[in-house]
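The shown structure was predicted, so the numbers you read here are calculated from the model rather than taken from an experiment. The sequence lines fix the lettering, A, B, ..., with proteins before strands; numbering per chain opens at 1.
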Amino acid sequence: NAGVTQTPKFQVLKTGQSMTLQCAQDMNHNSMYWYRQDPGMGLRLIYYSASEGTTDKGEVPNGYNVSRLNKREFSLRLESAAPSQTSVYFCASRDSHNSPLHFGNGTRLTVT
Amino acid sequence: GIQVEQSPPDLILQEGANSTLRCNFSDSVNNLQWFHQNPWGQLINLFYIPSGTKQNGRLSATTVATERYSLLYISSSQTTDSGVYFCAVGQSGGYNKLIFGAGTRLAVHP
């Protein structure tokens, strides 16, 4: 049982380049989330999808777009990467608002 | 939005010592979790505990929702307990947002 799988694990981009971070879960969860973690800080919510077909902004959505492709997959896109987006990105999922959140292992992104 | 404060920010222990980590939150919650982020960056679920008390081996947690705090107890600490401990809460009525505290960084020395 893989849980939450994120790809890639590491990525280096130049300023202005675009990329998509992929996330898939095999737990049949309804809700999926993207967080970012900057050095020495807690996690901040970028976007979330409460259920298939819906997406909503979190605390720090600027510069990002998301797609809930189906129940399993939730992708995060950076259209024009900036050095301020250098961070570790975590995807997570859970079944409902009163059930535990499960995290992937993260994607370490560096923008130069 | 809801505020989440964790204390202490840093903690250094000798192996075998006990510790208590605290999480205060500013509004009523319907979801509270404790996570351990290990030195490799992985986030490990410790407890899902919006109220009450739970125990898992050397770790236990208590949430007093009416007084807006949660405690994580670590007994007989081991070097493998090192890392950062996060509290995350879901605000009642804020259906799907889980907000994290800044964490407590724990170092356990042999």
Checklist entry - Most heavy-atom pairs under 4.5 angstrom with chain B, which of A:G104, A:S99, A:G58? => result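 It is A:S99.
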
Checklist outcome for this item: Taking every heavy atom of A:L101 against every heavy atom of B:Q33, the minimum-distance pair comes out as N-OE1, 2.6 Å

Side chains of [X] and [Y]: does their closest heavy-atom pair fall under 4.5 Å?
X     : Y     : result
A:D56 : B:K97 : no
A:Q37 : B:F86 : yes
A:Y35 : B:L98 : yes

Checklist entry - Applying a criterion of heavy atom separation less than 4.5 Å, what residues of residues 79-92 of chain A form contacts with chain B? => result A:F90

So what's closer than 4.5 Å to chain A heavy atoms on [X]: side chain, backbone, both or neither?
X     : value
B:Y48 : side chain
B:F47 : neither
B:Q37 : side chain

Report, as yes or no, whether the 6.0 Å neighbourhood of atom [atom1] on [X] holds more than 12 heavy atoms from other residues, nucleotides or ligands.
X     : atom1 : value
B:R22 : CZ    : yes
B:E5  : CD    : no
B:I12 : CD1   : no

[Y] reachable from [X] in the ILVMFWY side-chain graph, under 4.5 Å edges:
X     : Y     : value
A:Y64 : A:Y48 : no
B:L13 : B:W34 : yes
B:L72 : B:Y69 : no
B:I49 : B:I99 : yes
B:Y73 : B:F35 : no

Next on the checklist: Give me each pair satisfying salt bridge (charged side-chain N to carboxylate O under 4.0 Å, His left out) with a member in residues 35-50 of chain A, each pair once, sequence neighbours excluded.
Outcome noted: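 As it turns out, the salt bridge (charged side-chain N to carboxylate O under 4.0 Å, His left out) pairs with a partner in residues 35-50 of chain A, which skip direct neighbours, are A:R36-A:D38, A:D38-A:R44.
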
